[in-house]
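Structure first, then comments.
Worth saying up front: this structure is predicted, and the values here are computed from it rather than measured. Just follow the structure's listing: the first ligand is 1, and inside any ligand the first atom is 1.
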Amino acid sequence: MFIVLFLFLPATTPGEHETLNYSQFLANVSAGHVETVTIGANGQATGKLSNGRTYSTVIPAQAGQDFLTKLEASDVQITATVPGVSFGSQVLSFLILLSPFLIIGFLWYRMSKSAGGHLQGVLGVGRSRAKVFDAERPSTTFADVAGYEGAKLEIREVVEFLRQGERYALAGAKAPRGVLMIGPPGTGKTLLARAVAGEAAVPFFSVTGSSFVEMFVGVGAARVRDLFTEAKKRAPAIVFVDEIDAIGQRRSGTGAMVANDEREQTLNQLLSEMDGFEPAAGIVVLAATNRPEVLDPALLRPGRFDRQVTIPLPNLSERRAILEVHCRGKQLDAGVDLDVVARGTPGFSGADLANLANEAAINAVRAGRHVLLAEDFAEARDRIILGRREGSNVLLPEEKQTVAVHEAGHALVAVYSPTADPVAKVTILPAGQALGATEQLPAVERHMYGEDHLYDMLSVMLGGRAGELVLLGQGSTGAANDLARATELATKMVREFGLSSRIGPVGYPSGGSVFLGGGGAALSSRPFAEQTQAAIDDEVARLVKEAEQRASEILQDHQDVYSRLVALLLERETVDGDQVYALAGRAPPGGGATVSPEDALHLAGRGEPGQPGGRAASGSSPDTRTSAA
Ligand code: ADP
Ligand code: MG
Ligand code: ZN
């Protein structure tokens, strides 16, 4: 505006313009050339000359009565003006007055916008952050959730309840208040909730547990209140709280080391909203967690989450169904058998399988194809379990020899142990953390293990180290991981499974999450005496030593087969299970027979017993690099 005024104002005066000094002006007046003069307060004067041109000049303040008399004498038309009322200067002065306010207002606007609603966040701190799906729903449906028919049925029923409450009311049934989905990570809990949101014909509020938690005490409770007020207004409605363990953790009793006021208030509010003095009618709370053991007991009692749906890791047929869902829209080669893929992925969660299908597709693209082959799946699976494959040339020749001896040891002990899981593949190609791997496939999907099976598992784990001692005469750092796992299993056998006659049938579980594979040592002291600990240590050492002894005997008894397998491994780097059995002159047992060498997918063992969530990788025997060596 300033620039426009500056340029525009002078241009309003006509082109024929003269600037005169005082003497010239006086001369013009005397000569009678001046027709009009307009005198401003500060002495500026403008006017018209008799030749039609305009002029401007400045009249000194000292010019007094004489000057006026002279003008009058020359018959000049005189006008006088009062100071500074031009339109331009008026606008300018307004602008200058307003500018601080304008600048502050602009900054305010910018801040509240750019800081992601920081300002608004502080002002609206007690507002719930739930995302509401009402008319616009996610496109996920129950068809996208493969398997878990039982869980789906149960959740569907709750949705039905909301839709046709009268039917249930007729039978005198009260609507369930809440459904808690419990399961290891990646098994599709959030997916299931999304399917509910997609299919339920009622408003769906989705919120994560952690979004209740704020810096200020009381905010979480206010948010819970707000969420339920909002939901009540639109009842019947479903409220989904993902990762509810963020707020639902056990409230601290006496003797707790740390109390968390904010979380406890939030939980209390949630408890009373769900089943308090004023129970919320027509609202079902759906929640998901993978740590049910930390939840407050009050949250789990009937009237709150009266239904608990466990969503375990998928079994064989469910894995197949999940793979099918994720292979929709991908072109599979005729050689891809999803049954084989499903069989080779025990312990995989739904998320792992989704990842597997995606990695396989990426492998195909990398090879310049758009049709997925069986080997794409095999490669993807190995990559997920073991990590990226490296060429064998990263190993020194003598290291390669040691790895071959080690892996062949695992494989042969497995072959000659009657109840061990069949060997599916032996490789000395380093991948990820492992320098080599022996993969075992359980013939059937096991849910529990006999004692004989555990002893054989121990000897197979120690087969690598025993082999090194038998053939090379010394151990190596490559067995560190085997030993740790064997010790862990042996400790469990003694402490938890009651398999040691000296300790007897007592169980001291190490505690921790069922799903996350043990939570480490408990904070409290051990529940048994020092002497018991010493006895446990002795027994563990005995079990592991005996296992090593058995492995050594097996390998010594079949030393010729052993040497041939090592040579074969060094030559080919990867040897199929069937070849190992052929070399040993044995028929591949039960389930192994269904896996032909052509099946590019080689199958891994299952997690350790007593650990349902054990990763698939723990069944195979990747030998970690211990780099210090
Ligand atoms: P969480 O149980 O940890 O909440 P999610 O529901 O987020 O797991 O699942 C992660 C991903 O795994 C999903 O997006 C989906 O792609 C895949 N997935 C898991 N379970 C299934 C299933 N039963 N059917 C199809 N896909 C599944
Ligand atoms: Mg989730
Ligand atoms: Zn090993």
Mind checking whether His453 and Tyr449 have parallel, tilted or perpendicular rings, split at 30° and 60°?
tilted
If you check every N/O/S atom of Asp482, which is the one nearest the Zn ion (ligand 3)?
OD2
Near ligand 1, at a heavy-atom separation below 4.0 Å: residues by chain and residue number:
Asp144, Val145, Ala146, Tyr148, Pro185, Gly186, Thr187, Gly188, Lys189, Thr190, Leu191, Ile322, His326, Gly350, Ala351, Ala354
Are Arg156 and Phe142 in a cation-pi setup, meaning NZ or CZ lies under 6.0 angstrom from the ring centre and within 45 degrees of the ring axis?
yes
Could you check if a side-chain atom of Val309 sits within less than 4.5 angstrom of a side-chain atom of Ile182, using non-hydrogen atoms only?
no
Chi angles and distances behind the salt bridge (Lys or Arg N to Asp or Glu O under 4.0 Å) call for Lys152, Glu149
CA-CA 5 Å; Lys152 274 199 275 188; Glu149 291 308 327; 3.7 Å; yes
Residue pairs fulfilling ring pair (Phe, Tyr, Trp, His ring centres under 6.0 Å) with at least one residue in residues 310-331, sequence neighbours excluded
none
Does the side chain of Thr208 pick up a donor-acceptor pair with the side chain of Glu243 at under 3.5 Å?
no
For the Mg ion (ligand 2), decide whether Asn290 has an N, O or S atom at a distance under 2.8 Å.
no
Between Lys425 and Asp382, is there a side-chain N and carboxylate O pair less than 4.0 Å apart?
yes
